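Computed from a prediction, not measured in an experiment: that's the story for all the values here. All chains are named by letter (A, B, ...) in the order of the sequence lines, taking the proteins before the strands, and each is independently numbered beginning at 1.
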There are 4 protein chains.
Amino acid sequence: MRSDARANRDRVLAAAEEVFGESGNAGSTEEVARRAGVGIGTVFRHFPTKRALVKATIVRHLTLLAETARARGEGGEAGAAFRETFREMVSGAPAKLTLVALLEEPADSTGSADEVEAAATMVREAVEELLSRGQQAGEVRADATVDEVYMLIRALANARGDRTVVDRAVDIVLDGLSPRRSE
Amino acid sequence: MRSDARANRDRVLAAAEEVFGESGNAGSTEEVARRAGVGIGTVFRHFPTKRALVKATIVRHLTLLAETARARGEGGEAGAAFRETFREMVSGAPAKLTLVALLEEPADSTGSADEVEAAATMVREAVEELLSRGQQAGEVRADATVDEVYMLIRALANARGDRTVVDRAVDIVLDGLSPRRSE
Amino acid sequence: MRSDARANRDRVLAAAEEVFGESGNAGSTEEVARRAGVGIGTVFRHFPTKRALVKATIVRHLTLLAETARARGEGGEAGAAFRETFREMVSGAPAKLTLVALLEEPADSTGSADEVEAAATMVREAVEELLSRGQQAGEVRADATVDEVYMLIRALANARGDRTVVDRAVDIVLDGLSPRRSE
Amino acid sequence: MRSDARANRDRVLAAAEEVFGESGNAGSTEEVARRAGVGIGTVFRHFPTKRALVKATIVRHLTLLAETARARGEGGEAGAAFRETFREMVSGAPAKLTLVALLEEPADSTGSADEVEAAATMVREAVEELLSRGQQAGEVRADATVDEVYMLIRALANARGDRTVVDRAVDIVLDGLSPRRSE
DNA sequence: GATGAATGAGAGTTCATTCAT
DNA sequence: TATGAATGAACTCTCATTCAT
């Protein structure tokens with residue numbers, strides 16, 4: 001019976017990612033339950049609060065993201081790895097950072113953002129790793145810090161618009177991140 | 001009493017900009033009324049629908065923005081004008097584009113988005129003007145189009161975070177928008 | 001300036017008859033003001049309450065009705081006068097009793113229904129006069145009382161439906177009111 | 001819990017019949033909830049719209065009415081059956097047609113009036129059946145059609161007033177519906 | 001006296017959350 | 001443990017009524 005519960009939890013999380021991804025915080029818990037194919041009670045049994053559900057969704061998201069980024073970082077060419085991960089984080093399907101915007105909406109003063117923050121930190125660290133390798137290889141400008149890079153990724157991930165326009169915007173930003181002439 | 005009414009209308013719009021700027025579409029009309037210091041009925045007298053209020057808020061926003069951008073464009077040095085306006089649009093107080101995100105949320109299929117669209121077009125055109133002047137002056141890379149530039153502005157305007165980090169991120173983007181070595 | 005006021009009062013009453021005739025009690029005071037071409041304040045200056053306005057409308061209505069009925073009663077043939085007035089009250093344009101239904105909706109426990117009651121009594125008396133003349137002339141069954149006749153008029157006046165159906169229904173009722181075989 | 005739900009649904013409908021019977025469309029959904037002893041949310045769970053609640057109430061009403069009329073029609077004497085049913089429809093407790101007036105108020109242009117219309121047709125057909133049997137038995141005037149009869153029933157059912165007066169009014173109408181002398 | 005802007009109680013409706021089954 | 005019915009606070013919107021001009 002434990003495995004049933006876990007399976008349900010996962011289905012709920014997947015549904016939540018769909019729903020909140022589409023409608024943001026305005027997505028309803030009942031819609032999540034419906035798409036997960038469970039009763040509303042089940043959702044609340046696993047996540048005592050809508051907020052908790054949103055957080056868990058984000059954590060799942062960020063964890064996936066960090067793993068992907070880290071895996072990518074293992075590869076050989078540091079510059080390419082950095083740039084590809086940047087691109088993927090901005091527009092990659094399973095890696096979309098969009099959901100994070102949910103957390104930015106309400107002033108997160110509950111103090112219980114820890115879990116999310118931990119996951120976010122993992123992503124940041126993965127980005128940092130990629131960034132410093134790129135810099136050491138001389139393929140990324142030396143004066144860029146994780147802060148800016150991470151912010152740029154998040155900003156672009158949240159932007160809506162034509163895929164091609166996003167791609168060109170990313171090109172520009174990556175150009176901005178390439179080593180300066182004088183370097 | 002016409003003047004009173006207009007004053008109230010303005011206070012409502014200002015309050016709406018605050019509220020929707022903070023909480024997005026989830027901000028409540030009642031909160032707007034409270035901050036404006038008027039009764040809920042007054043808000044609805046001026047804007048028959050929440051949607052109408054949101055739209056009016058955005059239009060006001062965009063209009064201001066377009067005016068600022070255009071004024072800035074009159075100045076002499078094309079490159080500096082472009083860059084300063086870019087910065088201002090991203091972080092300028094009365095010019096923040098954040099609200100535009102509201103429009104991206106609901107599928108605006110009412111067909112009555114005309115006014116908003118018109119205002120948005122004005123902003124785009126102002127940006128376009130600045131961009132092409134900058135390009136003609138050889139201070140902005142020639143292959144950039146309004147689409148990307150406008151998207152970058154919006155993406156960064158919506159990003160939350162330290163002011164200084166935003167500034168550095170803008171630096172990077174502007175570097176990306178400067179003429180390429182080979183040019 | 002007195003005559004202006006009276007003129008406004010009359011326009012308001014006429015508008016009220018239109019509006020409440022169409023939409024019943026659900027008609028709004030503002031709609032009345034709009035159709036009367038006056039401000040909402042003017043309506044409330046003349047009638048301190050919506051209820052008061054409704055009542056005044058009904059009184060005007062009933063007064064007109066009573067006058068028409070009485071005028072009709074002066075004529076020669078008692079039976080024809082009775083039947084024609086009956087018909088007119090049911091479907092006559094300026095004489096429609098429909099509005100009375102408004103009063104029947106809320107339990108009229110304000111105790112201030114006096115004015116309306118007085119007007120209603122005038123109508124009743126006019127009907128009574130016509131009825132008894134008809135009975136004396138042997139053209140209306142002797143055992144009918146005003147109560148039933150008045151109720152039948154009101155019931156039919158409130159009925160919605162094809163004009164021709166109403167007419168045929170009235171025929172049937174008038175047949176029921178004609179002298180019995182044995183009389 | 002299905003049975004609880006059904007029980008609540010029924011209580012809501014019963015309360016709705018009371019409330020709308022008293023105050024017409026102006027009766028509030030909250031009052032219905034209060035009288036049913038349930039929360040407002042429960043009312044809306046069962047009937048997604050006030051309109052839907054009103055409709056369901058009417059349908060229930062009409063269905064009951066049609067059944068009663070049809071049961072009555074089975075009896076032997078056609079004339080008596082017709083007259084008794086007429087009386088019952090006008091003043092019978094569980095059979096009062098009053099609610100139908102609700103339908104006459106708003107221009108029912110939603111196109112979804114089907115269910116109500118179907119129920120209304122059933123009532124009409126029951127009346128028609130009784131009428132034609134009465135006519136074949138020579139106990140009801142031959143030239144009367146359902147249209148008038150149905151309208152008379154509705155008109156009298158909606159009339160307010162002393163029970164005895166209503167009864168006498170019905171007597172008159174039934175006299176009008178009896179076979180003409182010459183027949 | 002007339003005007004119409006402001007008010008706020010109240011109505012319909014939604015949705016996070018609880019709880020009986 | 002899962003279910004989904006019940007709950008009620010909160011939200012958008014309406015309208016009778018008041019009041020400054």
Under the rule for salt bridge (Lys or Arg N to Asp or Glu O under 4.0 Å), what residues qualify as partners of C/Arg11, not counting sequence neighbours? none
Can you list the stems that DNA chain F is part of, where a stem is at least 3 pairs in a row, each Watson-Crick or G-U, with both distances below 3.5 Å? E:2-21 with F:2-21
Side chain to side chain contact (heavy atoms under 4.5 Å, CB included) involving A/Thr121 - partner list, sequence neighbours excluded: A/Glu125
Rounded to the nearest Å, what distance is computed from the CZ atom of residue D/Phe20 to the C1' atom of nucleotide E/dA11? 12 Å
If you compare every side-chain N and O of C/Asn8 against the phosphate oxygens of E/dA2 (OP1, OP2), does one of them come in below 4.0 Å? yes
Rounded to whole angstroms, how far apart are CZ on A/Phe47 and P on E/dC15? 20 Å
Listed by chain and number, what are the salt bridge (Lys or Arg N to Asp or Glu O under 4.0 Å) partners of C/Arg35, not counting sequence neighbours? C/Glu18, C/Glu22, C/Glu31
Closest to the 5' end of DNA chain E, once B/Arg9 and C/Gly37 are matched to their nearest nucleotides, is C/Gly37
Whole-Å distance between F/dA10 P and B/Arg34 CZ? 10 Å
Among residues at least two apart in sequence or on other chains, which ones pass side chain to side chain contact (heavy atoms under 4.5 Å, CB included) with B/Thr29? B/Ile40, B/Val43, B/Phe44, B/Lys50, B/Leu53
Can you find a side chain N or O atom of D/Arg45 that sits less than 4.0 Å from OP1 or OP2 on F/dA6? no
Which residues share a salt bridge (Lys or Arg N to Asp or Glu O under 4.0 Å) with D/Arg45, sequence neighbours left out: none
Return the set of residues passing salt bridge (Lys or Arg N to Asp or Glu O under 4.0 Å) with D/Arg9 (not counting sequence neighbours), or none when no residue passes. none
One should read off an interatomic distance between D/Thr42 OG1 and D/Phe47 CZ, to the nearest 0.5 angstrom, of 11.5 Å
Would you say D/His46 reaches F/dA6's phosphate, i.e. side-chain N/O to OP1/OP2 under 4.0 Å? yes
Not counting sequence neighbours, which residues clear side chain to side chain contact (heavy atoms under 4.5 Å, CB included) with D/Ala14? List them please. D/Arg60
A/Leu53 has an atom CG; how far is it from atom P of E/dC15, in whole Å? 15 Å
Contact list (N/O, under 3.5 angstrom) for nucleotides 12-15 of chain F vs protein:
unit_1 : atom_1 : unit_2  : atom_2 : d
F/dT12 : OP1    : B/Thr29 : N      : 3.4
F/dT12 : OP1    : B/Thr29 : OG1    : 3.4
F/dT12 : OP1    : B/Lys50 : NZ     : 3.1
F/dT12 : OP2    : B/Thr29 : N      : 3.1
F/dT12 : OP2    : B/Thr29 : OG1    : 3.4
F/dC13 : OP2    : B/Lys50 : N      : 2.6

Please determine whether a side-chain nitrogen or oxygen atom of B/Thr42 lies at a distance below 4.0 Å from atom OP1 or OP2 of E/dT7. yes
At what distance, to the nearest 0.5 angstrom, does NZ of B/Lys55 lie from CZ of B/Arg51? 5.0 Å
Separation of E/dG12 atom P from D/Glu31 atom CD, nearest Å, is 11 Å
